[in-house]
Amino acid sequence: MYKPPTAATSSNSKMALPRWLLPLSLGLLMLTGIVEMAFISSMVFWLHRFAGGEYTVATPTMAGTTFTLHGKPKHFLLNQGHTTNGAAGTAFVGVGLGGILVLWLRARALRQGDYRGFTKALYHAWLVLVVLSALLSIAALVYTYLLTYQHWGQTINIVTASELNNKPSPEQVAYPTQAWTPENWFKAVLKLPLAEKSDRKNIWNHLYIMRAWRWNLIPLVVFGVIFAVVALLDAREKRRFMGSRRAVWKGRV
């Protein structure tokens with residue numbers, strides 16, 4: 001027997017999430033994730049391929065003479081980049097690409113009235129990953145900014161650097177004083193009287209990328225948290241939908 005919609009049913013339909021909100025928030029998260037991975041990959045490639053060379057610097061104590069500075073310090077802090085890359089990769093691959101597959105499987109199961117078993121378990125596991133991914137992005141943001149500002153304003157002692165007697169790889173002598181993030185190190189290198197203008201330009205270009213991936217962590221966190229909230233609300237909505245459908249099947253409506 002037909003029953004007209006109750007006030008509660010009408011209220012729930014008005015409160016339903018817009019259908020475009022879940023795919024839009026997922027798309028924005030995937031976009032920031034892949035941009036973050038691209039920035040970090042560019043930095044890592046440059047650090048391993050080119051930045052490990054030498055920079056020619058004017059000697060402070062003897063006019064007209066130069067010395068070489070190894071491209072990377074002895075104590076180089078890189079874990080924040082690995083953590084951030086992991087957060088971005090989880091957001092893009094696990095939450096994004098995995099989510100497209102999981103949501104498609106869920107939609108098909110709901111249409112067929114067979115939302116149970118493997119599909120249901122996979123969807124719930126993905127929801128857990130969504131929350132963990134958002135928390136990992138938050139941790140990467142806090143870790144990166146805390147580490148960056150702990151070493152903010154450090155400078156290279158040019159006298160100490162000139163006395164290292166640096167040699168070409170593999171007998172290089174890296175700058176031993178203090179620990180450095182890539183961004184803080186190359187910012188300090190730019191304050192030295194570099195003899196080659198091309199070195200200065202090259203460092204500036206990659207310093208922009210280092211700053212870009214640090215700042216891009218903010219939208220990665222924002223979109224990660226937004227998508228986690230939207231995904232959980234969507235899950236609750238679908239659970240209510242399946243509950244009402246089961247009630248109809250059992251003849252209680």
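Looking only at side-chain heavy atoms (C-beta outward), Leu69 and Ser162 stay at 4.5 Å or farther from each other. Within the 4.5 Å cutoff, the side chain of Leu105 has no heavy atoms near those of the Tyr123 side chain. Here the side chains of Asn205 and Ile209 are not in contact, with every heavy-atom distance at 4.5 Å or above. Side-chain contact between Ile218 and Trp215 is present, with heavy atoms from C-beta onward closer than 4.5 Å. Residues Phe186 and Met210 are in side-chain contact: their nearest non-hydrogen atoms beyond the backbone lie under 4.5 Å apart. Looking only at side-chain heavy atoms (C-beta outward), Leu29 and Ile226 stay at 4.5 Å or farther from each other.
Scored by the side chain to side chain donor-acceptor pair (under 3.5 Å) test, Thr181 finds Asn184 as partners (sequence neighbours excluded). With sequence neighbours excluded, the residues satisfying salt bridge (charged side-chain N to carboxylate O under 4.0 Å, His left out) with Arg211 are Glu183.
Heavy atoms only, all atoms of each residue included: His75 and Pro176 are closest at CD2-O, 3.2 Å. In this structure, Ala235 and Leu127 approach most closely via the heavy-atom pair CB-CD1, 3.6 Å. Smallest separation of non-hydrogen atoms from Ala188 and Trp180: CB-CZ3, 3.6 Å. The shortest non-hydrogen separation linking Ala109 to Thr119 is CB-CG2, 4.1 Å. Considering all non-hydrogen atoms of both residues, Arg214 and Tyr145 come closest at O-OH, 3.0 Å.
Put simply, the side chain of Ser133 never gets that close to the backbone of Leu129: no donor and acceptor are under 3.5 Å apart. Judged by distance alone, the side chain of Thr32 and the main-chain N or O of Leu28 form a donor-acceptor pair under 3.5 Å. In terms of modelled atom types and a separation under 3.5 Å, the side chain of Trp185 and the main chain of Gly71 share a donor-acceptor contact. Remark: the backbone N or O of Thr65 is paired with a side-chain donor or acceptor of Thr59 at under 3.5 angstrom.
Hydrophobic clustering of Ile, Leu, Val, Met, Phe, Trp and Tyr side chains at less than 4.5 Å, counting indirect connections, keeps Met30 apart from Leu136. Placement of Leu147 and Leu207 in two distinct hydrophobic clusters is found when ILVMFWY residues are connected by side-chain heavy-atom separations under 4.5 Å, directly or transitively. In the hydrophobic clustering of this structure, Val173 groups with Phe67; members are Ile, Leu, Val, Met, Phe, Trp, Tyr whose side-chain heavy atoms approach within less than 4.5 Å, directly or through other members. Linking Ile, Leu, Val, Met, Phe, Trp and Tyr whenever their side-chain heavy atoms come within less than 4.5 Å leaves Tyr143 and Ile138 in two separate clusters.
We find the NE2-CG distance between His151 and Leu146 to be 9.0 Å, quoted to the nearest 0.5 Å. Separating the NZ atom in Lys72 from the CD atom in Gln172 is a distance of 9.0 Å, to the nearest 0.5 Å.
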Run the side-chain contact (heavy atoms from CB on, under 4.5 Å) test on Tyr55 and Thr68 for me, step by step, so that the C-alpha distance in whole Å, both residues' side-chain angles and the decisive distance to 0.1 Å come before the verdict.
CA-CA 5 Å; Tyr55 296 115; Thr68 59; over 6 Å; no
Is there a side-chain contact (heavy atoms from CB on, under 4.5 Å) between Glu237 and Leu233 once you walk through the steps?
CA-CA 6 Å; Glu237 188 175 286; Leu233 291 176; over 6 Å; no
Evaluation steps, side-chain contact (heavy atoms from CB on, under 4.5 Å), between Lys167 and Asn165
CA-CA 6 Å; Lys167 298 178 182 179; Asn165 193 26; 4.0 Å; yes
Please tabulate, for the side chains in residues 77-103, all donor-acceptor contacts under 3.5 angstrom to protein atoms that are two or more places apart in sequence or on a different chain.
| from | atom 1 | to | atom 2 | distance (Å) |
| --- | --- | --- | --- | --- |
| Gln80 | NE2 | Leu77 | O | 3.0 |
| Thr83 | OG1 | Asn79 | O | 2.9 |
| Thr84 | OG1 | Gln80 | O | 2.8 |
| Thr84 | OG1 | Thr144 | OG1 | 3.3 |
| Thr90 | OG1 | Gly86 | O | 2.7 |

Listed pairs under 3.5 Å, donor-acceptor, residues 18-27 side chains, sequence neighbours left out:
| from | atom 1 | to | atom 2 | distance (Å) |
| --- | --- | --- | --- | --- |
| Ser25 | OG | Leu21 | O | 2.8 |
| Ser25 | OG | Leu22 | O | 3.0 |

Would you list the atom pairs, donor with acceptor, under 3.5 Å between side chains in residues 189-200 and any protein atom, with sequence neighbours excluded?
| from | atom 1 | to | atom 2 | distance (Å) |
| --- | --- | --- | --- | --- |
| Arg200 | NH1 | Leu190 | O | 2.6 |
| Arg200 | NH2 | Leu192 | O | 2.9 |

Contacts table for residues 36-48: side-chain donor-acceptor under 3.5 angstrom, sequence neighbours left out:
| from | atom 1 | to | atom 2 | distance (Å) |
| --- | --- | --- | --- | --- |
| Glu36 | OE1 | Asn216 | ND2 | 2.7 |
| Ser41 | OG | Met37 | O | 2.8 |

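Checked against Phe227 for a side chain to side chain contact (heavy atoms under 4.5 Å, CB included), the options Asp234, Val222, Val130, Leu232 give a single hit: Val130.
Annotation: cation-pi geometry not satisfied between Lys187 and Trp204 (NZ/CZ under 6.0 angstrom from ring centroid, within 45° of ring axis).
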